[in-house]
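Everything below concerns the one structure shown next.
We use all heavy atoms of the structure for the numbers below, so side chains are in, but hydrogens, waters and symmetry mates are not.
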Amino acid sequence: MTAGARVLVTNDDGVTGEGLHRLARHLHDQDFDVVVAAPERDESGCGTSRAVAADGLVRTRTRTPAGEAGIPVHSVAGPPGLIVAAACQGAFGPAPDLVLSGINPGANIGPAVLHSGTVGAALTAIQYGRPAVALSLVHGAPYHWDTALDVLAAVLPAVLSRARDRRRPPPLCNVNVPNVPAHRLAGVRRAGLGAHADSRFTIQRLGPDLLHAAHQPAAPRDGGEAALLAAGYATVTPLRPVGEAAEVRFALPAALPAALPAAVDEERAVDRRPGPHAPSAALAQERS
């Protein structure tokens with residue numbers, strides 16, 4: 001897979017995201033065949049969702065903002081997992097050879113990868129046999145998008161090289177970049193998936209019918225991606241899709257407990273009893 005390969009660029013922040021369009025232009029300038037398809041609105045926190053309306057219809061709109069050098073851009077009324085699934089089935093032209101998700105404003109590290117739509121798009125790509133990169137930049141103002149693109153340029157050749165080996169599953173890399181000018185970047189390191197995210201998700205009850213959800217900054221922890229990012233390193237964490245935990249063993253019963261079927265039969269008997277407005281069996285017989 002080289003320049004000229006078909007690349008889907010998506011995100012979870014929405015089709016107008018600055019990081020999305022900077023990423024698309026960068027890849028276009030590297031002679032990749034780029035198509036952009038992204039949510040019409042912010043879908044952050046949607047994970048790998050492919051949720052659709054009950055009728056199964058998904059609205060899409062084609063748009064090409066000024067300065068996009070003719071790159072086709074599709075606005076989709078759905079989350080990025082759905083968009084990747086659609087793209088891999090030819091919904092936006094030829095199916096992609098590679099999926100790039102980002103550039104997300106805000107790191108996706110530790111357990112946050114379970115909920116991140118940025119990472120969820122990349123995980124969905126792997127389900128369709130496509131290599132993928134999720135690219136995120138630590139929160140801050142101003143955002144140093146070019147630093148993230150420099151890191152991608154350093155990482156992508158290794159991803160493409162691995163993808164050419166058909167004997168192995170396609171690679172999925174979660175890349176996080178410190179929000180610093182490129183000359184202040186300490187380097188690029190492989191990092192294990194940390195045990196802690198960089199924020200804490202809290203839910204509080206405000207009243208009988210109202211909850212309030214928020215992301216609170218978390219105290220820095222040692223280890224994992226967070227420590228390397230704080231030290232000025234970009235991190236690369238290879239991920240794999242959800243799979244069986246084959247090493248986990250449970251002592252399961254060989255058969256159901258004898259009392260269980262009786263309990264089930266009793267519940268069924270209760271369900272068959274007439275309700276307060278149902279006619280008795282005798283009355284029903286009289287009416288017949």
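With hydrogens and angles disregarded, a donor-acceptor distance shorter than 3.5 Å links the side chain of Arg249 to the backbone of Ala246. In this structure, Asp12 contributes its side chain and Thr118 its backbone to a donor-acceptor pair below 3.5 Å. Formation of a donor-acceptor pair under 3.5 Å by the Ser161 side chain with backbone atoms of Pro157 is not found in this model. With hydrogens and angles disregarded, a donor-acceptor distance shorter than 3.5 Å links the side chain of Gln89 to the backbone of Ala85. Side-chain N or O atoms of Ser101 include none that pairs as donor or acceptor with a backbone N or O of Ala134 at under 3.5 Å. With Thr237 contributing its side chain and Ala191 its backbone, the two residues share a donor-acceptor pair below 3.5 Å.
Atoms NE2 and OG1, from His183 and Thr147 in turn, are 9.0 Å apart once rounded to the nearest 0.5 Å. Of the inter-residue distances, the one linking Ile103 atom CD1 with Tyr143 atom OH reads 11.5 Å to the nearest 0.5 angstrom. A distance of 14.0 Å separates NE2 of His21 from NE2 of His28, quoted to the nearest 0.5 Å. We find the OG-CG distance between Ser136 and Asn179 to be 12.0 Å, quoted to the nearest 0.5 Å. Leu135 contributes atom CG, which lies 7.0 Å from atom CG of Leu149 (distance to the nearest 0.5 angstrom).
Side chains of Asp13 and Ser44: a donor-acceptor N/O pair is present below 3.5 angstrom, by distance only.
The only option from Cys173, Pro238, Pro171 that meets the side-chain contact (heavy atoms from CB on, under 4.5 Å) definition with Arg162 turns out to be Pro171.
The neighbour count for Arg205 CZ, taken as heavy atoms of other residues, nucleotides or ligands under 6.0 Å away, is above 12. In this structure, Arg190 places its CZ atom where more than 12 heavy-atom neighbours from other residues, nucleotides or ligands lie under 6.0 Å away.
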Does the side chain to side chain contact (heavy atoms under 4.5 Å, CB included) test come out yes or no for His144 and Arg184, once each step is laid out? CA-CA 11 Å; His144 295 280; Arg184 289 181 52 197; over 6 Å; no
Show your working on side chain to side chain contact (heavy atoms under 4.5 Å, CB included) between Leu160 and Leu98 and close with a plain yes or no. CA-CA 9 Å; Leu160 297 180; Leu98 169 71; 4.0 Å; yes
Leu193/Glu225 under side chain to side chain contact (heavy atoms under 4.5 Å, CB included): CA gap, chis, key distance, verdict: CA-CA 7 Å; Leu193 190 63; Glu225 313 100 303; 3.4 Å; yes
Candidate pair Asp33 and Arg6, rule salt bridge (charged side-chain N to carboxylate O under 4.0 Å, His left out), full reasoning: CA-CA 5 Å; Asp33 178 15; Arg6 178 81 163 171; 3.3 Å; yes
Does Phe32 form a side chain to side chain contact (heavy atoms under 4.5 Å, CB included) with Leu156? I'd like the steps, not just the answer. CA-CA 12 Å; Phe32 287 97; Leu156 193 55; 4.2 Å; yes
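Contacts classified as salt bridge (charged side-chain N to carboxylate O under 4.0 Å, His left out) and involving residues 167-181 (residues at least two apart or in different chains) are given here: Asp165-Arg167, Asp165-Arg168.
Residues Ala182 and Asp150 share a closest heavy-atom pair of CB-OD2, 3.5 Å.
With sequence neighbours excluded, the residues satisfying salt bridge (charged side-chain N to carboxylate O under 4.0 Å, His left out) with Asp146 are Arg22.
Taking the side chain as every heavy atom from C-beta outward, Thr10 and Val84 approach each other to under 4.5 Å.
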